[in-house]
Amino acid sequence: MILATQQNDPSFEDVWEELTWRGLVHVSTDQAALKELLAGEPITYYCGFDPTAPSLHLGNLVQLLTMRRLQLAGHRPLGLVGGSTGLIGDPRPTAERTLNTKETVAEWVGRLQEQVSRFLSREGENPVRLVNNLDWTAGLSAIDFLRDIGKYYRVGTMLKKDAVASRLNSDAGISYTEFSYQILQGFDYLELHRQYGCVLQTGGSDQWGNLTSGTDLIHRVEGRHVHAIGTPLITNSDGTKFGKSEGNAIWLDAEMCTPYRFYQFWLNTDDADVIARLKVFTFLSRAEIEELERLVEAEPFRRAAQRRLAVEVTTLVHGAEATDAVIAASEALFGKGDLGALDAATLRSALEELPNATVAAGTPVLDALLATGLVSSLGEGRRAIAQGGVTVDGVKVDGSAVIDGALPGGVTVLRRGKKTLAGVFIG
RNA sequence: GGCGAGUUACCCAAGCGGCCAAAGGGAUCUGACUGUAAAUCAGACUGCAUUGCAUUCGGGGGUUCGAAUCCCUCACUCGCCA
């Protein structure tokens with residue numbers, strides 16, 4: 001099991017130093033107090049994940065790995081999946097969310113709980129405990145909520161939270177529902193503090209307003225100072241959004257984002273970003289990462305850091321077996337050699353890692369492009385061909401080409417652009 | 001409750017009766033150059049199709065030979081006043 005192989009880097013004085021070095025602390029409550037707290041006796045901490053999709057994505061992975069690092073340092077994690085907050089919706093800066101049905105949210109809760117539990121150990125002294133905020137909010141009446149919790153919140157403060165303020169300044173406005181979200185999240189922290197003695201919440205820095213909602217509430221109600229850490233939003237150095245590939249989010253679920261695509265995503269990381277990614281997304285030691293940093297500098301064309309990053313993160317999320325398969329497929333398909341020189345079995349399993357389709361022999365390329373999902377319409381396919389961006393078995397083609405399964409094993413490799421591939425089987 | 005402003009393609013944003021499938025920017029895709037990188041340059045970017053057709057400019061209805069552009073109505077958003 002991969003969890004057993006993970007460890008924090010002993011060369012750091014304590015876990016706080018390591019988190020800082022990895023660039024995982026963007027904002028936090030009192031730093032000196034936090035450092036001391038984390039270096040001392042085991043504490044209980046939590047991080048929440050709202051079921052807004054059937055799977056977690058790379059942004060959530062940052063949180064999961066941060067939690068894991070704290071667990072490795074001996075602290076006790078609470079993995080919260082927001083069965084109730086997911087029904088309300090955290091205000092995004094741009095627009096109001098569409099509410100999902102209760103059934104959908106409940107199903108997603110189950111899926112996310114399964115994912116969360118994969119990244120945190122259930123063994124030993126400090127196993128992860130999964131909690132669901134629906135457990136303490138479902139039976140709460142609106143009146144009790146307003147009397148017992150609402151009374152502690154000042155609207156002036158709530159309006160100043162970035163998420164709320166930006167929405168009030170936009171054309172989208174904000175519903176009362178989403179406006180209330182910060183109270184619910186604050187209440188979660190209070191509840192976990194009471195039930196489990198939780199004294200630290202981690203989350204993305206975009207959640208800072210919600211994190212402090214909890215620390216403030218606990219201070220007011222219980223008179224205790226508790227903590228919060230906001231991890232930075234991961235951004236690409238070229239200004240584009242991190243964690244997207246062809247406009248789609250990179251999901252942790254293998255059905256929603258294949259291990260092949262996942263691996264390729266990391267392999268294509270910019271030189272300028274790869275070291276920062278290694279720090280955040282892998283358990284490699286400081287010495288190992290510094291060595292890779294030298295290699296990026298000395299021989300960037302080898303992309304040693306990108307390869308290592310891709311292997312590490314893919315193994316973490318999809319396991320060693322799947323990773324071996326996608327590495328083999330990637331080498332077969334992107335290798336310098338002639339595709340026709342590969343043996344049938346290697347080629348076939350490589351194509352199975354790709355988006356693929358089965359078509360009749362003699363099918364025009366255009367239809368095959370559509371069938372494999374390489375393009376989303378015939379017009380787009382024509383355009384791609386006209387731009388010279390389509391190859392069949394590595395040879396540039398025009399619209400008259402057909403699928404013939406000429407490679408060993410009777411298969412065909414279809415490529416759009418430089419690195420978007422699909423497999424075609426004859427059937 | 002009253003008054004005013006607004007809703008355009010993935011995002012921002014022009015257009016204000018025909019020349020608008022709709023300017024511009026961003027994102028994205030493709031090509032060249034490369035290292036399955038970045039930057040740069042070039043092209044593409046509603047769908048189907050032989051310079052043609054169909055469907056788009058919040059929803060619905062209307063005026064007109066003709067509407068994203070005018071009118072009515074509904075929904076939503078923002079602002080000011082109560």
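Letters go in sequence order (proteins before strands), and every chain restarts at 1.
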Which pairs, protein N/O on one side and nucleotides 46-48 of chain B N/O on the other, fall under 3.5 Å?
residue, atom, partner, partner atom, Å
G47(B), OP1, Ser377(A), OG, 3.3
G47(B), OP2, Arg383(A), NH2, 2.9
C48(B), OP1, Leu378(A), N, 2.7
C48(B), OP2, Gly379(A), N, 2.7

Give, ordered by number, those residues of residues 342-349 of chain A having at least one heavy-atom distance below 4.0 Å to an atom of RNA chain B; if nothing qualifies, reply none. none
For A67(B), the Watson-Crick or wobble partner whose two distances fall under 3.5 Å: none
Looking at Phe283(A), does the NZ or CZ of Arg69(A) lie under 6.0 angstrom from its six-membered ring centre and within 45 degrees of the ring axis? yes
Distance, C1' atom - from C3(B) to A82(B), rounded to whole angstrom: 11 Å
Rounded P spacing from G52(B) to C19(B) in Å: 14 Å
For U69(B) versus G62(B), give the span between their P atoms, rounded off to a whole number of Å. 15 Å
From CZ of Arg302(A) across to C1' of U34(B) the rounded distance in Å is 16 Å
Send over the distance from Phe242(A) CZ to A27(B) P, rounded to a whole Å. 18 Å
Step-by-step ring pair (Phe, Tyr, Trp, His ring centres under 6.0 Å) determination, Phe281(A) to Phe242(A): CA-CA 13 Å; Phe281(A) 290 99; Phe242(A) 168 74; 5.7 Å; yes
Separation of the C1' atoms in U40(B) and C53(B), to the nearest angstrom: 40 Å
Would you list the pairs meeting salt bridge (charged side-chain N to carboxylate O under 4.0 Å, His left out) in which at least one residue belongs to residues 373-383 of chain A, sequence neighbours left out? Glu380(A)-Arg416(A)
Distance only, no hydrogens: is a donor on one side chain within 3.5 Å (strictly under) of an acceptor on the other, for Gln207(A) and Asp90(A)? yes
For atom P, what is the distance between U56(B) and A21(B), given to the nearest Å? 14 Å
Could you write out each protein N or O paired with an N or O of nucleotides 50-52 of chain B at a distance under 3.5 Å?
none

Would you mind checking if Arg302(A) and Glu299(A) are paired as a salt bridge, meaning a charged N to carboxylate O distance below 4.0 Å? yes
Pair listing, salt bridge (charged side-chain N to carboxylate O under 4.0 Å, His left out) test, anchored in residues 344-365 of chain A, at least two apart: none
Testing the basics here: between Gln63(A) and Gly204(A), what is the closest heavy-atom pair and its distance to 0.1 Å? NE2-N, 3.4 Å
P-based separation of U51(B) from A39(B) [nearest Å]: 37 Å
Can you see whether Ser11(A) engages Arg286(A) through a side-chain donor-acceptor pair at a distance of less than 3.5 angstrom? yes
Considering only NZ, NE, NH1 and NH2 on the basic side and carboxylate oxygens on the acidic side, decide whether Asp393(A) and Arg415(A) come within less than 4.0 Å. no
Strand partner of G17(B), provided both Watson-Crick or wobble distances fall under 3.5 Å: none
Going through the distances and angles, do Ser175(A) and Glu178(A) end up as a side-chain hydrogen bond (donor to acceptor under 3.5 Å, both in side chains)? CA-CA 6 Å; Ser175(A) 66; Glu178(A) 290 193 2; 5.1 Å; no
With B for base contact, S for sugar-phosphate-only contact and - for none (protein heavy atoms under 4.0 Å), nucleotides 36-43 of chain B reads BBSS---B
Does this structure show an ion pair linking Arg294(A) with Glu290(A), if we count only N-O contacts that are shorter than 4.0 Å? no
Check whether the side chains of Tyr153(A) and Ser213(A) place a donor and an acceptor atom closer than 3.5 Å, and report yes or no. yes
Name the pairing partner of A44(B), where a pair is Watson-Crick or G-U wobble with both distances under 3.5 Å, or state none. U28(B)
Can you tell me how far C1' in G15(B) sits from the matching atom in A22(B), rounded to whole Å? 8 Å
Taking the same atom, C1', in C65(B) and in U50(B), what whole-Å distance lies between them? 30 Å
Within the supplied structure, the quantity of interest is the number of heavy atoms (other residues, nucleotides, ligands) at a distance under 6.0 Å from Glu255(A) CD; does it exceed 12? no
Tyr181(A) versus Asp50(A), side-chain donor and acceptor atoms under 3.5 Å: yes
Base paired to G4(B) (Watson-Crick or G-U; both N/O distances under 3.5 angstrom): C78(B)
Tyr260(A) (side chain) donor-acceptor with Ala329(A) (main chain) under 3.5 angstrom: no
Take atom OH of Tyr176(A) and atom C1' of C76(B), then tell me their distance rounded to the nearest Å. 21 Å
